[in-house]
There are 2 protein chains.
Amino acid sequence: MKTTRNTAAKTAVLEIFGNSKTALSHAEIQKQIGDLCDRVTIYRILERLVNDDIIHKIVNLDGTVKYAKCHHHAQRVHIHNHAHFSCEKCLEITCLENVKPSYIIPHNYKVNDINFTLSGLCPNCLNSNI
Amino acid sequence: MKTTRNTAAKTAVLEIFGNSKTALSHAEIQKQIGDLCDRVTIYRILERLVNDDIIHKIVNLDGTVKYAKCHHHAQRVHIHNHAHFSCEKCLEITCLENVKPSYIIPHNYKVNDINFTLSGLCPNCLNSNI
DNA sequence: ATTTTAATCGCAACATTGTTGCGATAATAT
DNA sequence: ATATTATCGCAACAATGTTGCGATTAAAAT
C-alpha cells in the first residue's frame, strides 16, 4: 500500500516551499538545504511530492525546471491548468492561479495535462525598467 | 552585417526537418546525421536556425526540448503562439498550428513569449488503444 | 518497549544535455 | 585568385538527472 514517511529532509523541503512565494528549482532548494541531505535525496523527495500532488512541476520556456506548491480548490481531479509566469529579468517563476487558458482542440486528441507558461517581465521588473 | 552561410551540415539538418512531420530533438537529429558533423555543430546550427526564425524551440512537459519548422503566415511579427501536442505513448510532438489559447492576464505583466503544450494521446495512439 | 518491515537515505558511478575556447576549415564577397 | 570571417571539430567542462545497493530509520506490528 506504499505508505509515505515523514523524514527530516522532506520536512525541510516542505518548509522551504512554505516560505517561498515563487517556484523553486532543485539547485535553489539544495542551496537552502545545505548538507542536511544528499543531492539525490532532494530529487527523490521532489518526485514523491509531485506524485502526492503536494507540489507541481513547471517547465520553463528555456527548459529550466522548477516546482511550486499546489493550491487545491476542492477539485476532485487535480489538474494544474493554471498559467505560470516566468520573468526574463529576475528569472522568478510564479503561479498565476487565476489565469487559465481557453482553447479548442481537435476531437481526436485526448488531453491529460497542459502546460501554459508565459514569459516576459513581472510587475517588479516592469516598474524598475521605467 | 553577419551573413549566414549555407554549409553541408546546415543543409542536411534542414532536409531532416523537411522530411519530418513532427518536432525533432537534438538526439534524433544527431542519429540521422550520423557522423556528417560534430554534436556541437548541430547545437550551433539549431541555435542559428532559431535565431533566423526558420525553426522554433519547443519545451515539453517533461523537460525535453525539441525543434520544429516554422510555418509563416505572412505575419510581420513572428510569434510561436500556437499549441504543441505531446503524445505520452509515442512521444512525438506535433504543432497544432490552428490551436491558439485565449487568456486574460493582469495588466502589470508584460508578455513577450508563450508556451502552450498539451500532453496526452495523439490520434494514432488513441485509436490503437481501443 | 521491542521487534519487524520496507520506505528512505547516502554514496558512488553513470548518462544526458548543453556550453565554451581555440585553432583549423571553408563559404562568400572582393 | 585572394581576403574575410562564419562555421567547424575537438577537447574539456558544467549542469542536471538517474540508478544500484547496502545502510538507516520511520512507522506499523507484536
Side-chain angles (χ1 to χ4, degrees), chain A residues 1-17 23-68 86 88 91-93 115 117 119, chain B residues 1-17 23-68 86 88 91 93 115 117:
Chain A
M1 33 214 95
K2 266 255 205 128
T3 59
T4 177
R5 293 182 182 175
N6 289 318
T7 65
K10 182 181 167 186
T11 307
V13 169
L14 282 176
E15 198 187 323
I16 289 171
F17 275 114
L24 298 168
S25 66
H26 173 276
E28 289 163 340
I29 294 168
Q30 194 187 352
K31 190 178 288 179
Q32 288 197 48
I33 285 266
D35 52 0
L36 189 142
C37 74
D38 193 72
R39 213 170 61 86
V40 178
T41 300
I42 299 177
Y43 278 114
R44 298 202 256 232
I45 289 173
L46 291 173
E47 190 185 9
R48 260 179 285 146
L49 293 179
V50 167
N51 283 336
D52 293 350
D53 257 349
I54 295 170
I55 61 174
H56 59 282
K57 183 178 177 177
I58 306 163
V59 178
N60 197 15
L61 276 157
D62 61 7
T64 53
V65 173
K66 297 206 176 191
Y67 300 86
S86 162
E88 293 164 355
L91 301 181
E92 283 190 351
I93 294 182
N115 180 20
T117 307
S119 177
Chain B
M1 34 214 95
K2 264 251 206 134
T3 59
T4 178
R5 292 181 183 177
N6 287 321
T7 65
K10 182 181 168 186
T11 307
V13 169
L14 281 176
E15 198 188 325
I16 289 171
F17 274 114
L24 298 168
S25 66
H26 173 275
E28 289 163 342
I29 293 168
Q30 196 187 350
K31 190 178 289 178
Q32 289 196 48
I33 285 266
D35 51 0
L36 188 143
C37 73
D38 193 69
R39 212 170 62 84
V40 178
T41 300
I42 299 177
Y43 278 114
R44 298 202 255 231
I45 289 173
L46 291 173
E47 191 185 7
R48 258 179 287 146
L49 292 178
V50 167
N51 283 336
D52 295 349
D53 257 349
I54 295 169
I55 61 175
H56 58 283
K57 182 177 178 177
I58 306 164
V59 177
N60 196 16
L61 275 158
D62 61 7
T64 54
V65 173
K66 297 206 175 191
Y67 300 87
S86 161
E88 292 165 355
L91 300 182
I93 295 183
N115 180 20
T117 308

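Quantities reported herein were computed from a predicted structural model and do not represent experimental measurements. Numbered from 1 within each chain, the chains take letters A, B, ... in sequence-line order.
Nucleotide D:dA6 holds its C1' atom 13 Å from the CD atom of B:Glu47, rounded to whole Å. For the pair A:Gln30 CD and D:dT16 P, the computed distance is 9 Å after rounding to whole Å. Rounded to whole Å, the distance from OH on B:Tyr43 to C1' on C:dG21 is 18 Å. A straight line from CG of A:Asn6 to C1' of C:dA7 spans 12 Å, rounded to a whole angstrom. As a whole-Å value, the separation of A:Ile29 CD1 from D:dG17 C1' is 14 Å. Going from atom CG of A:Leu46 over to atom P of D:dT18 covers 10 Å, rounded to whole Å. Across the protein-nucleic acid pair, A:Asp38 atom CG and C:dA13 atom C1' stand 13 Å apart, rounded to whole Å. Nucleotide D:dT7 holds its C1' atom 14 Å from the CD1 atom of B:Ile42, rounded to whole Å.
The side chain of A:Thr41 places no N or O atom within less than 4.0 Å of a non-bridging phosphate oxygen (OP1 or OP2) of C:dT8.
The side chain of B:Arg44 has D:dC10 as its nearest neighbour among D:dT16, D:dT25, D:dC10.
Each of B:His26 and B:Thr4 has a nearest nucleotide on DNA chain C; the 5'-most of these lies closest to B:His26.
Residue A:Val65 is in sugar-phosphate contact alone, with no base atom involved, counting any heavy-atom pair closer than 4.0 Å across all strands shown.
Checked against the 6.0 Å centroid criterion, the rings of A:Tyr43 and A:His26 qualify as a close aromatic pair.
Between B:Cys37 and B:Ile33 the shortest side-chain heavy-atom distance falls below 4.5 Å.
On a pure distance criterion of 3.5 Å, a polar donor-acceptor pair joins the side chain of A:Arg39 and the base of D:dG17.
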